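Please read all numbers here as calculations on a predicted model, not as lab measurements. Residue indices begin at 1 and follow the sequence shown.
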Amino acid sequence: MAFSYPESDADFVDKVKTDLGLFVKSSPFDSVLVFPPVNSFYRFLIHQLAQDNFDQLRTFSIGEDPDRRIVVCTKDLVAR
(Lines give C-alpha, C1' and ligand atoms only; values in the text may rest on other atoms or scores of the structure.)
Protein backbone atom coordinates (compact mmCIF):
# COMPACT_ATOMS: atom_id res chain seq x y z
CA MET A 1 0.00 0.00 0.00
CA ALA A 2 1.50 3.31 -1.11
CA PHE A 3 1.83 6.18 1.30
CA SER A 4 -0.40 9.18 0.61
CA TYR A 5 1.55 12.41 0.86
CA PRO A 6 0.32 16.01 1.11
CA GLU A 7 -0.31 17.69 -2.25
CA SER A 8 1.87 20.59 -1.10
CA ASP A 9 4.86 18.21 -1.26
CA ALA A 10 4.20 17.03 -4.84
CA ASP A 11 7.27 18.79 -6.29
CA PHE A 12 9.54 17.24 -3.66
CA VAL A 13 8.03 13.79 -4.24
CA ASP A 14 8.45 14.09 -8.02
CA LYS A 15 12.09 15.14 -7.63
CA VAL A 16 12.85 12.26 -5.28
CA LYS A 17 11.15 9.72 -7.57
CA THR A 18 13.17 11.07 -10.50
CA ASP A 19 16.43 10.91 -8.53
CA LEU A 20 15.71 7.35 -7.37
CA GLY A 21 14.76 6.24 -10.88
CA LEU A 22 17.95 7.69 -12.36
CA PHE A 23 20.00 6.04 -9.63
CA VAL A 24 18.47 2.64 -10.40
CA LYS A 25 19.01 3.01 -14.16
CA SER A 26 22.46 4.50 -14.31
CA SER A 27 24.47 3.76 -11.18
CA PRO A 28 26.96 0.93 -10.67
CA PHE A 29 25.90 -1.86 -8.32
CA ASP A 30 28.24 -0.76 -5.54
CA SER A 31 27.38 2.94 -5.54
CA VAL A 32 25.20 4.89 -3.12
CA LEU A 33 22.96 7.92 -3.47
CA VAL A 34 23.23 10.45 -0.65
CA PHE A 35 20.48 13.03 -0.32
CA PRO A 36 21.20 16.44 1.20
CA PRO A 37 20.06 17.09 4.76
CA VAL A 38 16.28 17.54 5.03
CA ASN A 39 13.77 17.69 7.86
CA SER A 40 12.39 14.52 9.44
CA PHE A 41 9.17 14.53 7.40
CA TYR A 42 11.05 14.73 4.10
CA ARG A 43 13.39 11.95 5.27
CA PHE A 44 10.29 9.88 6.02
CA LEU A 45 8.97 10.62 2.52
CA ILE A 46 12.25 9.52 0.91
CA HIS A 47 12.21 6.25 2.87
CA GLN A 48 8.57 5.62 1.89
CA LEU A 49 9.03 6.50 -1.79
CA ALA A 50 11.99 4.14 -2.09
CA GLN A 51 10.15 1.36 -0.29
CA ASP A 52 6.91 1.78 -2.26
CA ASN A 53 8.43 2.25 -5.73
CA PHE A 54 11.84 0.56 -5.85
CA ASP A 55 11.97 -2.95 -4.37
CA GLN A 56 15.68 -3.29 -5.16
CA LEU A 57 16.67 -0.30 -2.98
CA ARG A 58 17.29 0.12 0.73
CA THR A 59 17.52 3.37 2.66
CA PHE A 60 19.00 4.42 5.96
CA SER A 61 19.71 7.69 7.72
CA ILE A 62 23.09 8.99 8.83
CA GLY A 63 24.22 11.96 10.87
CA GLU A 64 22.44 14.04 13.45
CA ASP A 65 19.99 16.91 13.05
CA PRO A 66 20.22 19.37 11.45
CA ASP A 67 22.64 17.49 9.14
CA ARG A 68 20.80 14.14 9.10
CA ARG A 69 20.43 12.71 5.60
CA ILE A 70 19.30 9.64 3.69
CA VAL A 71 21.62 7.15 2.01
CA VAL A 72 20.20 4.88 -0.71
CA CYS A 73 21.82 1.70 -2.01
CA THR A 74 20.80 -1.59 -3.56
CA LYS A 75 19.51 -4.25 -1.22
CA ASP A 76 22.31 -6.55 -2.40
CA LEU A 77 24.94 -4.05 -1.26
CA VAL A 78 23.41 -3.91 2.22
CA ALA A 79 23.49 -7.71 2.46
CA ARG A 80 27.27 -7.83 1.95
Side-chain angles (χ1 to χ4, degrees):
M1 180 175 156
F3 174 75
S4 178
Y5 56 87
E7 186 61 35
S8 60
D9 295 315
D11 288 342
F12 179 80
V13 168
D14 290 343
K15 173 87 170 94
V16 169
K17 282 184 178 178
T18 298
D19 289 349
L20 292 172
L22 289 171
F23 177 72
V24 167
K25 289 180 183 175
S26 62
S27 296
F29 162 79
D30 59 350
S31 64
V32 297
L33 172 63
V34 181
F35 281 90
V38 291
N39 66 44
S40 61
F41 180 70
Y42 279 2
R43 289 193 307 271
F44 170 75
L45 282 179
I46 296 169
H47 286 298
Q48 283 302 129
L49 290 167
Q51 178 181 318
D52 292 347
N53 297 285
F54 300 93
D55 291 338
Q56 68 273 45
L57 298 180
R58 295 297 177 262
T59 60
F60 55 94
S61 296
I62 60 170
E64 300 204 12
D65 284 326
D67 298 319
R68 196 156 173 83
R69 62 188 68 220
I70 301 289
V71 177
V72 180
C73 63
T74 63
K75 67 180 179 183
D76 295 331
L77 187 60
V78 172
R80 286 183 157 184

Where Asp9 and Tyr42 come nearest, the two heavy atoms and their spacing: OD1-OH, 2.9 Å
Looking only at heavy atoms, which two atoms of Ser61 and Arg68 are closest? And how far apart? CB-NH2, 3.3 Å
From Leu45 CG over to Arg43 CZ, what is the distance, rounded to the nearest 0.5 angstrom? 11.5 Å
Taking all non-hydrogen atoms of both residues, which atom of Ser31 and which atom of Pro28 are closest, and how far apart? OG-O, 2.8 Å
Could I get the full list of side chain to side chain donor-acceptor pair (under 3.5 Å) partners for Asn39, not counting sequence neighbours? none
When clusters are formed by joining ILVMFWY residues with side-chain heavy atoms under 4.5 Å apart, either directly or through shared neighbours, do Leu57 and Leu22 land in the same one? no
Do other residues, nucleotides or ligands put more than 12 heavy atoms under 6.0 Å from Gln56 CD? yes
Rounded distance [0.5 Å steps], CG in Asn53 versus CD in Gln48: 10.0 Å
Go through the steps for Leu77 and Val32 under the test side chain to side chain contact (heavy atoms under 4.5 Å, CB included), then give the verdict. CA-CA 9 Å; Leu77 187 60; Val32 297; 4.1 Å; yes
Return the minimal non-hydrogen interatomic distance between Phe54 and Val24, and the atom names on each side. CD2-CG2, 3.7 Å
Please give me the minimum heavy-atom distance between Phe60 and Cys73, naming the atom from each residue. CE2-SG, 4.2 Å
Expected list for residues 10-17: side-chain donor-acceptor pairs under 3.5 angstrom, two or more places apart:
from, atom 1, to, atom 2, distance (Å)
Lys15, NZ, Asp19, OD1, 3.0
Lys15, NZ, Asp19, OD2, 3.2

Closest contact, heavy atoms only, Phe23 versus Val72: CZ-O, 3.8 Å
In Å, rounded to the nearest 0.5 Å, how long is the span from CD1 of Ile46 to OG1 of Thr59? 8.5 Å
Roughly how far, to the nearest 0.5 Å, is CZ of Phe44 from OH of Tyr5? 13.5 Å
Quick one: do Ile70 and His47 satisfy side chain to side chain contact (heavy atoms under 4.5 Å, CB included)? Show the steps, please. CA-CA 8 Å; Ile70 301 289; His47 286 298; 3.0 Å; yes
